[in-house]
Amino acid sequence: MIAEEMEKFRAKQAQRDRELEDERRRKLQAKIQETMNLEKGIKEGLEKGRTPAAARQVERHAIVRSKLRPWVAKKIAEYLGEEEPTLIDFVLSCLDRRARPEEILDELALVLEEDAQVLVVKLWRVLLFHAAKAATA
């Protein structure tokens with residue numbers, strides 16, 4: 001009798017666990033889809049020269065100065081061996097004035113050569129991540 005009750009309890013618990021896991025998966029998938037749509041909108045806006053809502057989120061939450069400054073400083077130090085305040089400020093000013101990735105790449109290529117492309121791609125990914133995070137917060 002106790003064994004039967006325990007078996008029923010375990011079966012119910014397993015069913016609840018599956019339902020909770022399914023619910024978590026649905027929520028995660030929705031969040032991923034939302035982030036992908038936001039990233040697509042940002043990319044399209046950047047390509048067309050428009051100011052998407054996410055770009056306004058970046059400005060409103062001061063993402064460039066608060067989140068990207070330390071990241072850019074770290075990456076510049078990795079590539080050059082030391083922090084270069086002038087170069088860091090240049091990159092941040094480009095982001096502040098919403099320079100296109102190609103413009104930033106052209107300027108950084110003079111200093112970082114082939115590493116410039118890797119840096120700009122990573123920079124844009126970080127920017128998109130923080131914009132998406134701010135938009136969904």
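Within 6.0 Å of the CD atom in Glu78, the count of heavy atoms belonging to other residues, nucleotides or ligands exceeds 12. Counting non-hydrogen atoms of neighbouring residues, nucleotides and ligands closer than 6.0 angstrom, the CD atom of Glu82 reaches no more than 12 such neighbours.
Taking the side chain as every heavy atom from C-beta outward, Trp71 and Leu123 approach each other to under 4.5 Å. You'll find the side chain of Leu119 reaches within 4.5 Å of the side chain of Ile76, heavy atoms only. Residues Leu87 and Leu80 are in side-chain contact: their nearest non-hydrogen atoms beyond the backbone lie under 4.5 Å apart. For the pair Ile104 and Leu95, the minimum side-chain heavy-atom distance is below 4.5 Å. Looking at Glu103 and Arg97, their side chains come closer than 4.5 Å, going by heavy atoms from C-beta outward.
For Pro101 against Val120, the heavy-atom pair with the smallest separation is O-CG1, 3.8 Å.
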Table please: side-chain donor-acceptor pairs of residues 5-18 below 3.5 Å, with sequence neighbours left out.
residue: Gln13; atom: NE2; partner: Asp17; partner atom: OD1; Å: 3.3
residue: Gln15; atom: OE1; partner: Arg18; partner atom: NH2; Å: 2.8
residue: Gln15; atom: NE2; partner: Glu19; partner atom: OE2; Å: 3.0

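Rounding to the nearest 0.5 angstrom, the gap separating the NZ atom in Lys74 from the OH atom in Tyr79 is 10.5 Å.
Remark: Lys27 does not engage Asp22 in a salt bridge, criterion side-chain N to carboxylate O under 4.0 Å. Under 4.0 Å is where a charged nitrogen must lie from a carboxylate oxygen, and between Arg26 and Glu21 no such pair does.
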(request) Decide salt bridge (Lys or Arg N to Asp or Glu O under 4.0 Å) for Asp89 and Arg69; before the verdict, give the C-alpha distance in whole Å, the side-chain angles of both, and the deciding distance to 0.1 Å. (result) CA-CA 8 Å; Asp89 289 338; Arg69 181 180 249 321; 2.6 Å; yes
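Cluster annotation: Leu112 and Val118 are assigned to the same hydrophobic cluster (Ile/Leu/Val/Met/Phe/Trp/Tyr, side-chain heavy-atom contacts under 4.5 Å, transitive).
With sequence neighbours left out, Ala73 forms a side chain to side chain contact (heavy atoms under 4.5 Å, CB included) with Glu83, Ile88.
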